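Working notes for the structure below.
Because the structure is predicted, anything quoted here is derived from the model rather than measured. Any value given below was found using the heavy atoms of this structure, including those in side chains, with hydrogens, waters and symmetry copies removed.
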Amino acid sequence: MEAGLVRVLDILPGMVFSILPGGAIDFVNKALAEYTGIPLSGTEGWDWPIDPGQSSASTFFDRYRSMLSQHEPFEMEVPVRRSDGAGRSLLIRCNRLDGPGDIRRWYGIATEHGAGSRNRDDNDFQRIVDSIPVPVAVTTPTGDVEALNNPALEYFGMSLEELKSWKATEVVHPDDLKRTIEDQVEAHRTGTFYNVESRHLRWDGIYRWHNVLGLPLRDVDGTILRWFHLLVDVDDRKRAELELAAREREARTVLESIPAGIGVIGINGEVEAINGPLLRYYGRTLEELRDWGDTDVVHPDDMQRMIDAVDRAVKIGEPYDLEVRLRGADGAHRWFQVTGSPLLDDDGQIVRWYALHVDIDDRKRAEEALADRERESRFIVDGIAGMIAIFSPDAKLIGGNQQIIDYFQRPIAELDNWATNGITHPDDLQVCIDSFMGAIATGEPYDYETRFLRHDGVWRWFQLRGLPLRDAEGRIVRWYGLLTDIDDRKRAEEQLRRSEAFLADAQRLSKTGSFSLHLGSSEIVWSAETYRIFDVDPNGPVTLQTVLSRLDPDSVLKVHNVIERARDGNGDFGYDVKLIMPDQSVKYVRVLAHSEKNKDGEQELTGVVQDFTEVRMAEEALNKVRSELAYVTRVTSLGVLTASIAHEVNQPLAGIVTNASTCLRVLAAEPPNLDIARDTARRMIRDANRAADVIVRLRALFSRMPPAIEPIDFNEVASEVIALAYSDIQRARVSVISDFGVGLPRVAGARVQLQQVIMNLLRNAIEATSTVKDRPGRIVLKTEASGAEVQLLVEDTGVGFGADGTERIFDAFYTTKPDGMGIGLSVSRSIIENHNGRLWAESNALHGATVGFSVPAHHWCGPAGESHPDGPLPTTEAIPGRAE
C-alpha cells in the first residue's frame with residue numbers, strides 16, 4: 001500500500017483494514033490496532049482476535065470466508081476481545097476493489113455494534129471525513145460534488161458551492177483536467193477504484209501535485225452510494241520525480257551530444273545503454289551489443305584484454321583504461337581508448353559504470369608513423385658518412401650514432417666530458433669551448449673546425465656543424481651536431497694553400513631554399529632561405545614580378561619558358577639562372593622543380609633553389625689556377641724538350657747547309673747547272689721555313705697569351721708531338737706506332753694546348769714502358785672518328801696504373817712516379833673539358849694502359865659547295881716524322 005495513503009488511514013479516528021483475496025488481513029490502521037491491542041506484523045499479517053466466550057465465535061470464520069467468496073460488498077459482526085480483555089461485537093462493512101490485472105483487495109471499516117449504531121455511524125463517518133488532514137471530496141454516483149471536508153475547503157480557499165463547478169474553473173490544471181475527468185468517468189462506469197495524479201490550484205494561486213484516490217462506498221446490496229476522493233499532496237515527490245526525469249533526459253541528451261562513444265554498464269557488468277555516436281559507429285542496435293563479448297566488435301587480438309579489464313573493474317571496483325581496436329559498421333577496425341569510470345551514490349557505492357570510447361586511430365597511426373620515422377631517422381643517422389652528436393639544451397651529450405662510438409670507442413657518458421678527457425686537441429680546445437658554448441648561449445648554429453683523437457692515437461681534423469631543434473613555441477629542445485672528417489681535405493689544403501688559398505671558401509656547403517608557385521593564381525610561397533637568396537624582405541608579399549626583377553634578361557626568358565611548360569602538364573625541370581642583386585652583385589642559382597596537380601586538382605610548380613655562387617666563383621678561380629699550373633708545367637718541361645727542340649731545328653739547318661754546298665758546287669761547274677742550283681735553293685727556302693715554324697710553335701707553347709681556337713688537323717698535331725719527343729723515344733728504346741685515321745674531320749681547339757695534352761700522354765706512356773724489361777716496349781697512337789667527335793688513344797705495354805689508378809689518376813697531386821708532381825693529367829683534363837671534350841683511362845687486358853681523349857669536330861660554316869680553306873686532310877703517308 002502506498003505510504004501516503006497509509007499515513008492518511010493511520011490518523012483516521014475510525015478503524016480501517018484491508019483484506020487480501022485469500023482472506024488474510026494485510027493492513028490495519030492505527031485505530032484498529034490500538035482497539036484490539038494487536039499491532040500489524042509486516043511478515044505474519046494480522047488476524048481478528050476472536051472472543052471465544054461469545055456464541056457466534058465458533059461460526060465466525062466460516063461465515064467470514066463465505067462472504068469473501070461471493071465477491072460482493074458485505075457487512076457482518078465480528079466477536080472480538082478488546083485490548084482491555086472485554087468482549088465486544090464489531091460491525092464491519094467491506095467493499096471489494098479491483099485493481100489492474102488480477103489484483104483484488106477488500107477494504108473495510110469496523111465500528112462497535114450496539115443500539116443506535118446506525119445514527120452513530122453516520123455521525124462517526126462525517127467526523128472521520130472532517131478529521132482527515134488531507135482534502136477529501138464526496139461526490140454522488142454521477143460525479144456531482146456533495147460535500148468537502150475542512151482541509152479541502154481551506155486548500156482551495158473556496159466555498160462548497162464554488163467547488164461544485166470545479167470542471168469549469170481552474171481548480172484542476174488545464175493540462176490535467178481532461179485526463180482527470182476521463183479517469184473519474186471510467187471509474188464511475190466500471191465502479192472500480194481509481195488512482196490518478198493531477199495538479200490542483202491552491203488558494204495562493206500555486207498548483208501542487210496530488211495523488212487522487214477514488215473509492216466507492218456501497219450498501220449491503222453493492223450499490224454505490226457515493227464516492228470519496230482523497231487528495232494526497234505528492235508535490236514534493238512529484239517535483240523530485242520530474243526533476244529526476246529532467247536530469248535523466250538531460251543526461252541522455254548529454255550522452256547523445258558527446259562526440260565520443262559512451263557505454264553504460266550495470267554493477268553486474270550488463271550493458272544498460274549505449275549512446276548514439278557509438279551505436280552509429282558499430283552500426284548495430286543496443287540489443288545486439290548487450291552480449292558484446294560474443295560478437296566481433298572488438299578485434300580478436302584485443303578481445304581478451306577488454307573482457308579481463310571490464311571483469312576486473314566490476315569485481316573490485318577499479319577503473320580501467322586501455323587501447324583496443326573496435327570494428328565499425330564498414331568492417332574496418334579503428335583504435336579507441338576505452339576508459340571505464342564508476343558512478344557512486346551518496347554512500348560511496350557503485351551504481352553503474354560509464355565507459356568512454358575515444359577514437360584515437362589517427363593519433364595511434366601518427367604515433368606508429370612517428371615511431372617508424374624515428375627508426376628511419378636512426379637508420380639514416382647511423383648511415384650518414386659522418387659522426388652525429390645529440391646534445392640537450394644545456395650542452396649535455398645525450399646520444400650519438402654508431403660512427404661516433406666506432407671512432408672514439410668510448411661510451412657516450414665519457415664523451416660528454418670532451419673538454420677534459422683529452423679527445424680534443426689542446427691547441428683547439430679554447431676555440432671549441434668558445435664556439436660551442438657561445439652557440440648554446442645564443443641559440444645560433446655553430447660551425448668550426450677542430451682535431452679529435454681517434455681510438456688508435458691519431459689526431460684527425462673534423463668540421464663541426466650544429467643546429468638547434470626547436471618546439472612549436474621556439475624553445476630549443478636539443479642540438480644536433482655533425483662531425484665531418486675533413487682530415488684528408490685539410491692536408492690537401494695545406495699543400496695548396498699558397499696557390500689556392502682563396503679556394504677554401506668554395507668548400508662551404510651552399511644554402512638551399514624551397515618555393516611553391518600556384519600556376520593558376522600565381523600565388524608564391526617561399527621558405528626563409530629563398531628570401532635570403534633573393535635578398536627580399538620576408539615581411540613583404542612575393543609575386544612573380546618580384547622574382548623576375550632579380551633575373552638577368554636571359555634568365556627571365558628561361559623562367560617564362562619553364563612556367564609555360566609547367567602549365568601544360570606534369571614534368572621535372574632543372575636549370576640555372578643569374579640574379580642581379582640591388583647592389584648590382586651577381587648570384588648564380590640552380591633551380592630544381594616539379595610540376596604536378598595538387599590535392600585540389602590545380603597545377604602547381606614546386607621546387608628548390610640553390611645558391612651556388614661561391615661554387616661558381618670557385619670553379620672560375622680553379623680554372624685560372626690550373627691555367628697557371630699548365631704554364632708552369634710547360635716551362636718546367638723546357639729542359640726536357642731542349643734535345644727535341646735542337647733535333648727539330650738541326651734537321652732543317654743541316655738541310656740548308658747541305659743544299660747550300662750543293663748549290664755552290666753546281667754553280668762552280670763548267671758550265672754551271674742552273675736547274676740543280678734552283679732546286680737546291682728551293683730546298684734551302686723550304687728548310688728555313690720549317691725551322692721558323694718550329695720556333696713559332698715553341699714560342700707559343702711557352703707564351704701566356706690566350707690560346708687561339710682554330711680548325712686543327714688532329715693527325716698533323718699528333719705527328720708534330722711525335723717529332724718533338726723523338727729524342728725521348730730513342731733514349732727509352734721503345735717503339736712508337738702511329739695509326740692515324742684517314743679523312744678525319746678537323747677539330748676546333750687551341751693547337752698548343754692540344755699538343756701539350758698529347759705530349760703529356762705520350763711522355764707518360766714512354767716513362768711507363770721504358771721500365772719494362774720482360775717484354776718489348778710498344779706505344780700506339782691512334783686517331784679515329786667517333787660520331788661528332790674525333791678521339792686520340794695512346795696505348796702502351798707499360799706498368800699500368802695500379803689497383804685504384806683508374807679512379808684517381810686525374811686527381812690533382814696523385815702520381816705513381818717517385819719524382820712526379822701529379823699535375824700533368826689533372827691539367828690535361830681541364831684543357832680537354834674546356835674544349836667540351838672528355839678524357840679517360842683504362843687498363844689493358846694483358847699489360848699496360850690506354851689513355852684517350854675526344855673533342856668535338858669543327859663545323860665548317862662557309863658557302864655551300866665551297867671546300868675547307870685548309871684543303872683536304874693529309875693521309876697517314878703524307879705526315880712527316882712518323883716513328884715506328
With sequence neighbours excluded, what pairs up with [X] under the side-chain contact (heavy atoms from CB on, under 4.5 Å) test?
{"X": "L453", "value": "W459"}
{"X": "S786", "value": "Q791"}
{"X": "D554", "value": "D552"}
{"X": "A732", "value": "V734, I766, S770"}

According to ring pair (Phe, Tyr, Trp, His ring centres under 6.0 Å), who are the partners of [X], at least two apart in sequence or on a separate chain?
{"X": "W418", "result": "F436"}
{"X": "F408", "result": "F452"}
{"X": "F573", "result": "none"}

Qualifying residues under side chain to side chain donor-acceptor pair (under 3.5 Å), relative to [X], sequence neighbours excluded:
{"X": "D675", "result": "R678"}
{"X": "D572", "result": "H594"}
{"X": "D427", "result": "none"}
{"X": "N421", "result": "none"}

Residue pairs passing the salt bridge (charged side-chain N to carboxylate O under 4.0 Å, His left out) test where at least one lies in residues 780-789, sequence neighbours excluded
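Counting only pairs at least two positions apart or across chains, the salt bridge (charged side-chain N to carboxylate O under 4.0 Å, His left out) contacts touching residues 780-789 are K782-E784.
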Any salt bridge linking R454 with D485? Criterion: basic side-chain nitrogen under 4.0 Å from a carboxylate oxygen.
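Between D485 and R454 there is no salt bridge, as every charged N stays at least 4.0 Å from the carboxylate O atoms.
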